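A short worksheet on the structure shown next.
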Amino acid sequence: MGSVQIVTTILAAAITAVAVGLAVRAVMKMVAVIRLGQPAPERFTDKGTRTRTMLVETAGHTRMLKWSVVGAAHWFVMVGFIVLSLLVLEAYFEVVTPAGGLPIIGHWTIFGLATELIGILGLAGILVLMAIRLRNRPARPGNRSRFTGSTMWQGYFVEWVVLLVLIFGFVIRGFKVATDHFEYPVWATPLSHAVGAALPAWTAGVSVAALIKIVISMTWLIVISLNVTMGVAWHRFLAFFNIFFKREPAKAAGSGLGPLRPMMSDGKPLDFEEADPEKDQFGVAQVEQFSWKGLLDFSTCTECGRCQSQCPAWNTGKPLSPKLLVLSLRDHAYAKAPYLLAGGGKDLTGEEKATAAQLAHMDVLALAEADRPLIGTAEEGGVIDPDVLWSCTTCGACVEQCPVDIEHVDHIVDMRRYQVLIESSFPSEAGVMLRNLENKGNPWGAPQNTREDWTKGLDFEVPRVGEVEDFEYLFWVGCAGAFEDRAKKTTRAVATLLNEAGVKFAILGEGETCSGDPARRIGNEFVFQMLAQQNVETLNEAFEGREKAKRKIVATCPHCFNTLGNEYGQLGGEFEVVHHTQLLAHLVSTGKLTPVQPVDGGVTYHDPCYLGRHNRVFAAPREVLGSAIGGGAGDGQGGAAAISGAGRDSGLIEMPRNSERSFCCGAGGARMWMEEKIGKRINVDRVEEAMATGAKTVAVGCPFCSTMLNDGVNGKGAGEQVEVIDVASVLLRSVKPDTAPGEKETAPVAG
Ligand code: SF4
Ligand code: SF4
């Protein structure tokens with residue numbers, strides 16, 4: 001060992017010892033913070049599926065690749081990071097001797113070839129990511145950036161570290177080539193040989209370059225260890241765990257979509273019959289009341305801003321960004337952690353748990369952080385502003401886009417639950433809806449004995465459950481479908497089509513009450529449980545003696561469809577629920593319904609969030625529309641042609657934001673019953689997009705989307721040019737052109 005190698009070895013050992021020591025301390029701190037969360041035993045079930053999903057999602061980058069260029073570049077950087085970590089390890093041999101290398105595999109040509117290729121692709125990948133970050137930087141004039149609010153220096157720092165480590169990998173190899181210490185052939189390592197041809201034959205160069213590479217890598221480790229909230233770096237380790245522990249590991253996409261997580265206390269679903277707010281946790285009022293998985297979610301956020309770029313609230317100028325919400329919760333949790341770890345915290349009656357002695361030497365900043373209300377205005381020092389909390393439509397676009405499976409909607413609703421159930425604090429205009437649900441069983445407060453009024457004037461009988469025994473489908477009408485004028489036309493259209501196709505169906509009539517979706521999404525779990533239990537009892541009675549496969553329900557409202565199909569199981573109600581567009585698609589493809597009259601003027605389709613993103617029903621409505629537009633029986637391909645763009649040929653014109661990336665109408669999450677006072681109206685934004693397609697018909701599959709888009713169209717004074725209408729009504733016009741003239745859904749808006 002020469003004098004240069006003695007120095008490089010000592011320096012490499014010293015900086016590594018410091019970095020590893022700090023990293024161990026940082027990991028311990030992070031684990032301690034995450035363990036402050038509430039138990040979540042359900043996250044440890046089905047480890048086989050969890051492992052498989054985690055490996056597929058990480059190795060295959062299945063979620064990142066939705067953003068093709070970024071995803072591909074990130075994949076190369078990730079693989080580069082993992083494989084080239086071996087080359088950082090190799091650098092420790094090279095600081096000792098220029099001929100040093102990894103034992104055994106370091107002599108394999110295949111290893112030299114693989115690392116060369118990954119190094120080159122990693123270089124290309126990181127340059128692409130750097131260019132994308134620079135092009136999208138928030139400071140760029142006129143730029144509406146997904147990185148707004150992200151800690152930009154951290155992103156730049158991480159990218160430069162990756163770039164320099166990759167470059168110095170080739171410099172080391174170059175010096176080895178130049179000094180004849182390199183054993184791989186030119187064909188396997190062309191770039192290394194090219195670099196070597198440009199470098200002098202300086203033997204110490206190998207060890208010096210190796211030291212620089214180690215210093216850069218360890219500086220990175222020191223910096224991230226001193227910044228435990230640096231998600232852009234830590235997600236490289238945490239993402240594996242966050243994906244492994246996701247809510248529904250069997251779901252290929254949208255694990256945090258569909259049903260809401262039940263209200264939990266101490267790791268168990270809350271039983272409202274026995275629940276006591278002084279002993280049981282009602283929602284989330286303090287950051288440590290999130291489950292440990294929630295705290296892991298916050299720690300894992302990469303600050304990539306994909307969620308923010310898709311959020312309807314953020315895109316229409318509201319203060320909610322799912323990314324900034326997650327970052328606020330993360331920063332608060334870590335800043336409050338010293339106080340909590342010292343024994344501090346409030347019990348469920350609001351009393352301080354720590355003794356004065358425990359808090360005597362507490363950092364004042366941690367104490368100040370602990371005093372902040374989780375939900376509060378800037379003047380109150382709140383972590384999350386009420387306007388942020390109540391702007392969410394629970395559309396799920398954030399969950400859909402998040403590459404590390406963060407479950408934003410569950411966290412938002414958990415915070416709403418405490419505000420509604422304990423603080424009675426929510427937008428006052430929604431109070432009428434909640435009172436109507438409690439007293440009348442529907443959000444409009446309509447008399448229960450008018451639930452069947454929509455059947456009046458139909459030229460066939462609509463049977464009630466109990467009147468007929470052999471119905472195949474229970475037609476769940478829903479409150480909108482029973483009481484709201486436009487939605488009633490959809491209900492009539494569906495009933496007419498089912499009757500035409502010879503489907504045996506029956507309704508509950510006055511036995512039906514609201515599914516409870518708006519109560520649950522606003523956070524009033526108590527009212528949801530009350531309505532849901534009543535409905536589950538009624539439905540179980542209606543299907544008595546039938547196995548699950550024969551307990552079939554068809555619903556026109558995606559919110560009911562989601563609640564009945566995905567959430568009633570939490571209360572002992574197991575049913576096979578389909579959306580009417582699915583049943584209609586089946587009836588068309590099996591020849592039970594035959595569209596004869598083509599729909600002209602162009603049709604575009606708006607995916608309802610709770611049908612599409614939350615429940616992955618994208619194809620069926622497109623297939624129905626494709627068949628009606630063409631005036632034929634469809635392609636029988638589940639509308640795949642329409643989705644792929646061939647739909648344009650048959651008249652279905654896709655909006656730029658469609659399917660998984662569809663843009664909310666603004667009504668979900670009980671926003672239907674709240675005023676939209678901040679920013680641009682979400683429905684107007686969506687209507688502008690729909691109108692820009694030039695289509696004369698905007699087809700929908702949800703009564704709330706229908707209301708919102710109709711209001712948007714009428715607000716623009718375009719009610720005469722553009723019609724917003726349910727998929728079922730489009731099909732009815734095509735199947736029975738003579739009997740559907742009165743089904744036009746566009747109605748003038750009062751005032
Ligand atoms: S659910 Fe929709 S509205 Fe709510 S934060 Fe996510 S993207 Fe935004
Ligand atoms: S998409 Fe996920 S990782 Fe990216 S900023 Fe949003 S929450 Fe964080």
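Everything numeric here is computed off the predicted structure, so don't read it as measured data. Order of appearance sets the numbers: ligands from 1, and atoms from 1 within every ligand.
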Flag the pair [X] and [Y] as a salt bridge only when some basic side-chain nitrogen lies within less than 4.0 angstrom of an acidic carboxylate oxygen.
X: E57; Y: K246; answer: yes
X: D410; Y: R417; answer: no
X: E660; Y: R613; answer: no
X: E407; Y: R43; answer: yes

For [atom], what is the nearest protein heavy atom, given as residue, atom name and distance?
atom: atom 6 (Fe) of ligand 2; answer: C307 SG, 2.2 Å
atom: atom 8 (Fe) of ligand 2; answer: C301 SG, 2.3 Å
atom: atom 5 (S) of ligand 1; answer: L320 CD2, 3.6 Å
atom: atom 4 (Fe) of ligand 1; answer: C392 SG, 2.3 Å
atom: atom 2 (Fe) of ligand 1; answer: C395 SG, 2.3 Å

Aromatic ring proximity F704/Y610, centre distance under 6.0 Å: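 So the answer is no for these two rings.
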
Validation row, ring centre W292 to ring centre F44 under 6.0 Å: yes

Proximal ligand 1 atoms for T394, defined as those under 4.0 Å from one of its heavy atoms: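 By the 4.0 Å cutoff, the relevant atoms are 1 (S), 4 (Fe).
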
Atoms in ligand 1 flagged as close to V409, the criterion being non-hydrogen separation under 4.0 Å: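 Result: 1 (S).
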
Gap between atom OH of Y156 and atom CG of L134 - 0.5 Å precision: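 So the gap between those two atoms works out to 5.0 Å.
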
Close approach, H408 and ligand 2, non-hydrogen under 4.0 angstrom: yes

Sub-4.0 Å heavy-atom approach of Q401 to ligand 2: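 Judged by the 4.0 Å heavy-atom criterion, Q401 does not count as contacting ligand 2.
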
Distance-only side-chain donor-acceptor flag, R686 / S662, under 3.5 Å: yes

T148 and Q308: side chain donor to acceptor below 3.5 Å: no

Neighbour count >12 (heavy atoms, 6.0 Å) for atom CZ, F526: no

Neighbour count >12 (heavy atoms, 6.0 Å) for atom NZ, K29: no

Give the numbers and elements of all ligand 2 atoms closer than 4.0 Å to a heavy atom of [X].
X: G305; value: 4 (Fe), 5 (S)
X: K323; value: 5 (S)
X: V404; value: 3 (S)

Contact flag C402/atom 4 (Fe) of ligand 2, N/O/S atoms, threshold under 2.8 Å: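 Checking C402: none of its N, O or S atoms is under 2.8 Å.
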
Which segment of T302 sits under 4.0 Å of ligand 2 when only heavy atoms are counted: both

N, O or S of C311 under 2.8 Å from atom 4 (Fe) of ligand 1: no

Region of T393 engaging ligand 1 - heavy atom pairs below 4.0 Å: both

Heavy-atom nearest option to atom 7 (S) of ligand 1, drawn from G669, C398, S391: C398

